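I have placed the structure first, in the form of structure tokens, so that the comments after it can refer back to it.
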Amino acid sequence: MKSALKQSALTPRLLAAAVCALGLGAAAQAADLDAIRDRGTLRVAVANEIPYGYMDLSGEAKGVGPDVAKHIAKALGIGKIEWTTTAFGSLIPGLQADRYDMVAAEMAILPQRCEQVLYSEPNSSYGEGLLVAKGNPKNLHDYESFATSGGKIAIMAGADQLEILQALKVPADRIVTIANNADAISTVTTGRADGYAATSLTVGELAAKSKGKTEAASDFKDPVVDGQPVRSWGGFAFSKDSGALRDAVNKELAKFKKTDDWKKIMSSYGFSAEDASQSFERSTAQLCAG
């Protein structure tokens, strides 16, 4: 995503973590991957969000993040993945608390998040969408209209749509925060909010699940921030002291993205050829710099 969004200042806690990481040096970073290989298990978290990372009814991890993560773990010689599902807003705190080794939720790479975690290079790219009630009674087709109308727009806690809406000058009292995507349909159909802001893929999945009660806003206009259409680039996230693991994942990810198997994973979850192509257009260094 273009960094029209503001970078947050480092908190004292993050500063302390950064100092600690510098003090540990290369030896501590080199040990994290070795320890995981010795353990034989990679702990991976998802936010139960289709099609990015979720658990199906049989308890199997699915989605673009998990499918690619499975390939990478195998390539790294790690025989088992222990999956954790948690709220999106808990993914980064969970990494910082060492509850898992890696996040495979295709979390957008943003400058403020780069201050808190390490990211792999992008695995995916995706645009925005808007979920509205059946028939789109308020005639909504973009995020910008919520800055000037009296309507309310819902977002998921911890999602980067908050920064987009703030950049578009949508007043805070018109933004409704919900805990997870599963609540989006009821939030829109009951009128608690007039629309739900999420990625285009998430909006499509929610509309399909709502049995005709909601729909993706037609003729949706991508939000424009600082003169650029907003697009997100998703990657795998790691704690700040997991540099060796991140580097190893990057190496395998770069190789896998050159294969037809990677392209098949993208298309099977609804990512367009343009989405796949765009995933190569930004580096993590560029995205973290803003």
Side-chain angles (χ1 to χ4, degrees), residues 1 42-70 72-73 81-110 112-114 116-120 122-129 131 154-165 175-188 196-210 232-239 242 246 249 265-266 268-271 275 279 287:
M1 178 180 301
L42 180 67
R43 302 172 301 162
V44 182
V46 297
N48 234 15
E49 185 180 7
I50 300 171
Y52 306 105
Y54 62 99
M55 306 299 287
D56 68 11
L57 295 177
S58 68
E60 183 179 355
K62 293 287 186 67
V64 168
D67 281 13
V68 175
K70 291 172 188 177
I72 290 174
I81 298 179
E82 178 183 296
W83 298 97
T84 295
T85 57
T86 188
F88 189 88
S90 298
L91 291 171
I92 287 177
L95 278 174
Q96 294 171 327
D98 192 34
R99 288 196 285 271
Y100 28 82
D101 307 306
M102 171 175 152
V103 167
E106 294 306 301
M107 182 186 290
I109 303 170
L110 298 173
Q112 61 269 35
R113 291 177 181 161
C114 295
Q116 302 174 71
V117 296
L118 298 178
Y119 272 103
S120 70
N123 180 48
S124 66
S125 182
Y126 43 88
E128 294 296 307
L131 186 76
I155 59 171
M156 182 172 64
D160 54 298
Q161 279 75 24
L162 174 61
E163 286 81 8
I164 298 172
L165 296 177
I175 301 174
V176 176
T177 302
I178 62 177
N180 52 62
N181 279 307
D183 297 331
I185 295 171
S186 62
T187 299
V188 171
Y196 178 62
T199 66
S200 59
L201 292 161
T202 295
V203 167
E205 289 286 344
L206 289 169
K209 283 184 174 181
S210 72
S232 295
W233 281 262
F236 300 105
F238 311 84
S239 68
S242 293
R246 188 275 309 273
V249 167
I265 289 173
M266 294 292 115
S268 70
Y269 287 107
F271 287 77
D275 290 335
S279 74
L287 295 165

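Quick caveat, the model's predicted, so the values are computed rather than measured.
Minimum heavy-atom separation, Thr187 to Ala154: CG2-CB, 3.9 Å. Among all heavy-atom pairs drawn from Val117 and Phe238, the shortest one is CB-O, 3.2 Å. Of all heavy-atom pairs between Ala197 and Ile155, the closest is CB-CG2, 4.1 Å. The shortest heavy-atom contact between Ala73 and Ile81 is CB-CD1, 3.9 Å. Closest of all the heavy-atom pairs between Val103 and Met107 is CG1-CE, 4.4 Å. Residue Met266 comes nearest to Asn123 through the heavy atom pair CE-O, 3.8 Å, listed as atom of the first residue, atom of the second, then distance.
Residues Phe236 and Val44 have side chains not in contact (no heavy-atom distance under 4.5 Å, counting atoms from C-beta outward). Within the 4.5 Å cutoff, no side-chain heavy atoms of Glu106 are placed close to those of Glu49. In this structure, the side chains of Thr86 and Tyr100 come closer than 4.5 Å at one or more pairs of heavy atoms. Taking the side chain as every heavy atom from C-beta outward, Ser124 and Asp275 never approach each other to under 4.5 Å.
In this structure, the separation between CG on Asn180 and OG on Ser90 is 10.5 Å, given to the nearest 0.5 Å. To the nearest 0.5 angstrom, Leu118 atom CG is 15.0 Å from Arg113 atom CZ. Rounded to the nearest 0.5 angstrom, Glu82 CD and Asp101 CG are separated by 8.5 Å. Between Ile265 atom CD1 and Lys70 atom NZ the span is 9.0 Å, to the nearest 0.5 Å. Expressed to the nearest 0.5 Å, how far CG of Leu91 lies from OG1 of Thr85 amounts to 10.0 Å. Going from atom NZ of Lys62 over to atom CH2 of Trp83 covers 11.5 Å, rounded to the nearest 0.5 Å.
Side-chain atoms of Glu205 do not come within 3.5 Å of backbone N or O of Leu201 as any donor-acceptor pair. Between the side chain of Ser125 and the main chain of Ser232, a donor-acceptor pair closer than 3.5 Å is present. Side-chain atoms of Asn48 come within 3.5 Å of backbone N or O of Met55 as a donor-acceptor pair.
Ring-plane geometry between Tyr52 and Tyr126 is classed as tilted, the angle between the planes lying from 30 to 60 degrees on a 0 to 90 degree scale.
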side-chain contact (heavy atoms from CB on, under 4.5 Å) between Thr84 and Arg43, worked out
CA-CA 8 Å; Thr84 295; Arg43 302 172 301 162; 5.9 Å; no
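The only option from Leu131, Ile50, Val188 that meets the side chain to side chain contact (heavy atoms under 4.5 Å, CB included) definition with Leu206 turns out to be Leu131.
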